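A short worksheet on the structure shown next.
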Amino acid sequence: MHWADVLAKKLAPKADHHVLATGITPSGPIHIGNMREVLTTDAVYRSLIKQGADAEFIYIADDYDHLRKVYPYLPKTYEQYVGQPISEIPCPCEKHDSYADHYLFAFLDSLEEIGVEPRVYRASEMYKTGVYRLAIETALEHTEDIKEIIERVSKRSLPKHWLPFNVKCEQCNRLTTTKPELYEYPFIEYSCECGHSGKCDIRKDGVGKLPWRVDWPARWKNLKVTFEPFGKDLGTTGGARETGEEIVEKIYDYSAPEFTMYEFILLKGKGAMHSSKGTALSANDMLQMTPPEVLRFLMMKNQPAKHITFDPGFGLLNLVDEYDQAERMYFGEEERIKGWKDLDAIYELSQPGTIPTSLPYQIPFRHLVTVVQIGESWEDIKNILYRTGQLPDTISTKDEKHLQKRKDHAEYWLNHFAPKAVRFTVQKKLPKIDFSDEEKKVLQEIASSADTISWTAENIHNLIYSIAENQSLSPKKAFTAVYKAILGEKRGPRAGFFLSNLDQSFVIKRFSEASS
RNA sequence: GGGCCUGUAGCUCAGCUAGGCAGAGCAUCUGGCUUUUAACCAGGUGGCCAAGGGUUCGAAUCCCUUCAGGCCCGCCA
């Protein structure tokens, strides 16, 4: 059974209505780990629905969280906003209403791209519309109990006047610099590092925020969350998960949600990703280079608890190939590999939209990677594919759209991540390179015999070989001449296949020029 | 110190959440194509499933112990 089905089956009988939550703070560019959390939740959600359970998928954007520091991608002027809620500080690009919106909208776009549509909640709105009011009052009533739980479970000590509420300073708008002096319902007297001291009425909305370890359990209660996965860092002993479980049960009288813990995604050759160390791959890059169904496939075929190594180099090609192969096996076009478990569930969960009813038209991604570098527009590329018989005369619009998207991904990959070895540029004019006499001779021969063959990969390949042999030249040298004339380099994609993708008369003309 | 994950062919890994013949890809070897763009096709070699113990008719799979490696433990996925 697929892991999502196992989790869903365990979860199903525990509630009549399930709320599956994912909570990601839009404090910076989303990265691929965020995608794992979302997709893990989505998989369990889909499985519950499939099993006939009543379930809903929500995303809580903690946009009331404070800015922790001036991240490397921010201007230095953001120093003044550190400590303030990210929904109340300016947008870095000035196009959105707030800093939080800037990253939140990008994230939501990415979610749409991979076929995930949760109901979105914003912490800032919940704090400002009173959703949290009761939770705040309850927490403050139980200050000593909460303090005891946190100190005992997490083994850290809290200050003497600690309250489970961070007051937002009226003067400087920061959540992190206020110190409570006295709490007497409904007022908290506080002083702030900015020099201001004041009185905060907790009955008013948006005057402060529960600290993370209390905010999380309060959220479970408020939104009736029954399932929420989290990263391994939060699963550690004494972590927020452990204190949260006890707080939600003892203080908020609500059962802690079920969960699964997921591992990090490592970048091949670089290990764990850290935004601060510049080893992170943004979700945007990942989505631009990887077709959405392939990205989902990567997550679905791995148990959440296993780490995933993502290789943005050649590994991406293998991954896409593997997906295509799984797709062929799913539709019975290829024999299933023994040991490939849960193929059907994995394939179905990998679909961002509806599950295809027949095999989508496939073109190997590797071929696309070559063709994309020859044609400039989609029309060019389509014509090449038609000419070489890689596209049937009639192709459904759906298949065409699918291929076109694959092409976009291939292009992005080529421009940003592909190893040099697979990149090339067809030179518009004859490269200014010297050709040896024997190279000229080979090119001359090819040019003059080329119109005697039909322009297919195999014929071209054979032609080059026979000409090289006639001139007792090593095939390798013949190939080098070809690449020099077309690409201005000594190497290139497989010659027969490559030249067959180019226009025959163009090749003849170029070879004639080079040999004259 | 605590927690989690991993250990299966030379390499990268499936298979472990239904206990029932040990599986792929790459590499290697053989044969084929005058064939290079990570070449391709057909076939073969290759494993005490980290070690030890337990449960079982039967264990890579479940349980216990040990060893080795990785990651996490202010915030972070």
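Chain naming here is simple, since letters A, B, ... match the order of the sequence lines and numbering starts at 1 in each. It should be emphasised that the depicted structure is a prediction, and the values quoted were computed from it without experimental measurement.
- Nucleotides B/U55 and B/G70 are separated by 31 Å at their C1' atoms, to the nearest Å.
- In this structure, CG of A/L316 is placed 14 Å from C1' of B/A38, rounded to the nearest angstrom.
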Practice task
Begin from the C-alpha positions of A/E445 and A/Q471 and carry the test side-chain hydrogen bond (donor to acceptor under 3.5 Å, both in side chains) through to its verdict.
Solution key: CA-CA 10 Å; A/E445 271 308 298; A/Q471 301 185 3; 4.6 Å; no

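- Between A/F310 and A/L319, the closest side-chain pair of non-hydrogen atoms falls below 4.5 Å.
- Comparing atom distances between the A/E263 side chain and each of B/C5, B/A38, B/U17 picks out B/C5 as nearest.
- A distance of about 11 Å separates the P atoms of B/C41 and B/A27, rounded to the whole Å.
- B/G52 and B/A60 are spaced 13 Å apart, taking the P atom of each and rounding to whole Å.
- Here A/G492 lies in heavy-atom contact (under 4.0 Å) with a base.
- With A/P26 as the partner, the side chain to side chain contact (heavy atoms under 4.5 Å, CB included) test is satisfied by one option alone out of A/D65, A/N34, A/L104: A/L104.
- Side-chain N/O atoms of A/K306 include one lying less than 4.0 angstrom from OP1 or OP2 on B/A14.
- Within the nucleic acid shown, A/K476 comes within 4.0 Å of at least one base atom, counting heavy atoms only.
- Of all nucleotides present, only B/U30 satisfies the Watson-Crick or G-U wobble test against B/A42, with each distance under 3.5 Å.
- Side-chain contact between A/Y64 and A/E88 is present, with heavy atoms from C-beta onward closer than 4.5 Å.
- One atom, CZ of A/R366, and another, C1' of B/U36, lie 15 Å apart when rounded to the nearest Å.
- The shortest side-chain heavy-atom distance between A/M35 and A/M286 does not fall under the 4.5 Å cut-off.
- When the P atom of B/U35 is taken as reference, atom NE2 of A/H461 falls 9 Å away, rounded to whole Å.
- Among the heavy atoms of the strands, none lies under 4.0 Å from A/D5.
- When both pairing distances are held under 3.5 Å, B/G25 makes a Watson-Crick or G-U pair with B/C11.
- Side-chain contact between A/R406 and A/V320 is present, with at least one heavy-atom pair separated by less than 4.5 Å.
- Between B/G32 and B/G19, the distance separating the two P atoms is 48 Å to the nearest Å.
- A sub-4.0 Å separation between OP1 or OP2 of B/U36 and a side-chain N or O of A/Y465 is present.
- Between the side chains of A/S154 and A/R156, at least one donor-acceptor pair of N or O atoms lies under 3.5 Å.
- As a whole-Å value, the separation of A/W3 CH2 from B/G15 C1' is 18 Å.
- Where A/R156 and A/N462 meet RNA chain B, the nucleotide closest to each residue was compared, and A/N462 sits on the side nearer the 5' end.
- Look at the P atom in both B/G44 and B/G25: the space between them is 12 Å, to the nearest Å.
- Atom NZ in A/K484 sits about 20 Å away from atom P in B/U36, given to the nearest Å.
- A gap of 11 Å separates the C1' atoms of B/G23 and B/G47, to the nearest Å.
- Nearest nucleotide to the A/L317 side chain, out of B/A38, B/C5, B/C75: B/A38.
- Atom CH2 in A/W413 sits roughly 11 Å away from atom C1' in B/A38 (whole-Å rounding).
- Straight-line distance from the CG atom of A/L234 to the P atom of B/C75: 8 Å, rounded to whole Å.
- Atom P of nucleotide B/C72 and atom CE of A/M261 are separated by 13 Å, given to the nearest angstrom.
- When distances run from any side-chain atom of A/V6 to the nucleotides B/C75, B/U17, B/A14, the shortest one goes to B/U17.
- When both distances must be under 3.5 Å, the Watson-Crick or G-U wobble mate of B/A68 is B/U6.
- Place A/G23 and A/A495 on RNA chain B by their nearest nucleotides, and A/A495 ends up nearer the 5' end.
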